Amino acid sequence: MDVGPSLIFEAGRLERLAADLRQMAVGEFPCPSDLVAAPVIARWTWAVRPMMSLEGFTSGHPRLGNTTVRTTEVWAIDLEAGWARTLSRLYVLGDAHRYVGQ
């Protein structure tokens, strides 16, 4: 399965978000022409959107050390090669949790 095009698409979205956030951090917010070009969302409310993440015991985490964690959302994973890339970092996959009956 060729995931290259979808990864390139997602990388572009994240790069555009990062650029916008950098502009806002220095006080450059959307201008009237940006707002005119943007779609309108009416009758909006807050919602939670679940994202796939990993949970398990990590060792050698640069901030948390050795402890049980729930990662940020997973953006890429290769079970055969044994790695996962989350929003915040790369993880090496150790043994998967075994549920009763597996």
Side-chain angles (χ1 to χ4, degrees):
M1 178 166 84
D2 182 14
V3 297
S6 64
L7 289 176
I8 290 169
F9 175 80
E10 290 301 329
R13 281 201 322 179
L14 291 169
E15 288 164 352
R16 290 187 298 277
L17 172 61
D20 287 349
L21 293 176
R22 283 187 195 97
Q23 286 183 299
M24 291 176 202
V26 296
E28 297 176 21
F29 297 97
C31 66
S33 63
D34 294 329
L35 297 176
V36 167
V40 174
I41 183 168
R43 296 184 300 278
W44 66 270
T45 186
W46 293 105
V48 175
R49 186 176 185 183
M51 299 294 289
M52 189 65 72
S53 63
L54 300 173
E55 191 173 77
F57 187 83
T58 185
S59 57
H61 191 286
R63 274 192 324 108
L64 304 174
N66 304 334
T67 189
T68 300
V69 299
R70 178 174 291 159
T71 69
T72 53
E73 57 267 23
V74 174
W75 283 89
I77 190 166
D78 188 326
L79 299 176
E80 289 182 25
W83 58 264
R85 179 59 165 99
T86 69
L87 176 62
S88 59
R89 73 186 69 258
L90 178 69
Y91 286 91
V92 172
L93 298 175
D95 294 336
H97 180 75
R98 298 276 181 204
Y99 294 96
V100 176
Q102 279 188 318

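The shown structure was predicted, so the numbers you read here are calculated from the model rather than taken from an experiment. Any value given below was found using the heavy atoms of this structure, including those in side chains, with hydrogens, waters and symmetry copies removed.
Tracing side-chain contacts under 4.5 Å through hydrophobic residues (I, L, V, M, F, W, Y), one never reaches Tyr91 starting from Trp75; they form parts of separate clusters.
With sequence neighbours left out, the salt bridge (charged side-chain N to carboxylate O under 4.0 Å, His left out) criterion links Glu73 to no other residue. Partners of Arg89 by side-chain hydrogen bond (donor to acceptor under 3.5 Å, both in side chains), not counting sequence neighbours, listed by chain and number: His61. For Asn66, the side chain to side chain contact (heavy atoms under 4.5 Å, CB included) test picks out Phe57, Ser59, with sequence neighbours left out.
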Side-chain atoms of residues 10-21: list all donor-acceptor pairs with protein atoms under 3.5 Å, sequence neighbours left out, distances to 0.1 Å.
| unit_1 | atom_1 | unit_2 | atom_2 | d |
| --- | --- | --- | --- | --- |
| Glu10 | OE1 | Arg13 | NE | 3.3 |
| Glu10 | OE1 | Arg13 | NH2 | 3.0 |
| Glu10 | OE2 | Arg13 | NH2 | 3.3 |
| Arg16 | NH1 | Gly12 | O | 3.2 |

Indicate every side-chain donor-acceptor pair of residues 33-55 with a distance under 3.5 Å to a residue at least two apart or in another chain.
| unit_1 | atom_1 | unit_2 | atom_2 | d |
| --- | --- | --- | --- | --- |
| Asp34 | OD2 | Cys31 | N | 3.1 |
| Glu55 | OE2 | Arg70 | NE | 3.0 |
| Glu55 | OE2 | Arg70 | NH2 | 2.6 |

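Looking only at side-chain heavy atoms (C-beta outward), Ile77 and Leu93 come within less than 4.5 Å of each other.
Between Leu64 and Thr67, the shortest heavy-atom distance links the atoms O-CG2, 3.7 Å.
Put simply, the side chain of Ser88 never gets that close to the backbone of Thr72: no donor and acceptor are under 3.5 Å apart. In this structure a side-chain-to-backbone donor-acceptor pair under 3.5 Å is missing from Arg63 to Gly65.
Annotation for Val26: hydrophobic cluster partners, listed by chain and number, are none (ILVMFWY side-chain heavy atoms under 4.5 Å, direct or chained). In the hydrophobic clustering (ILVMFWY side chains linked at under 4.5 Å, chained through shared members), Trp83 is joined by Leu90.
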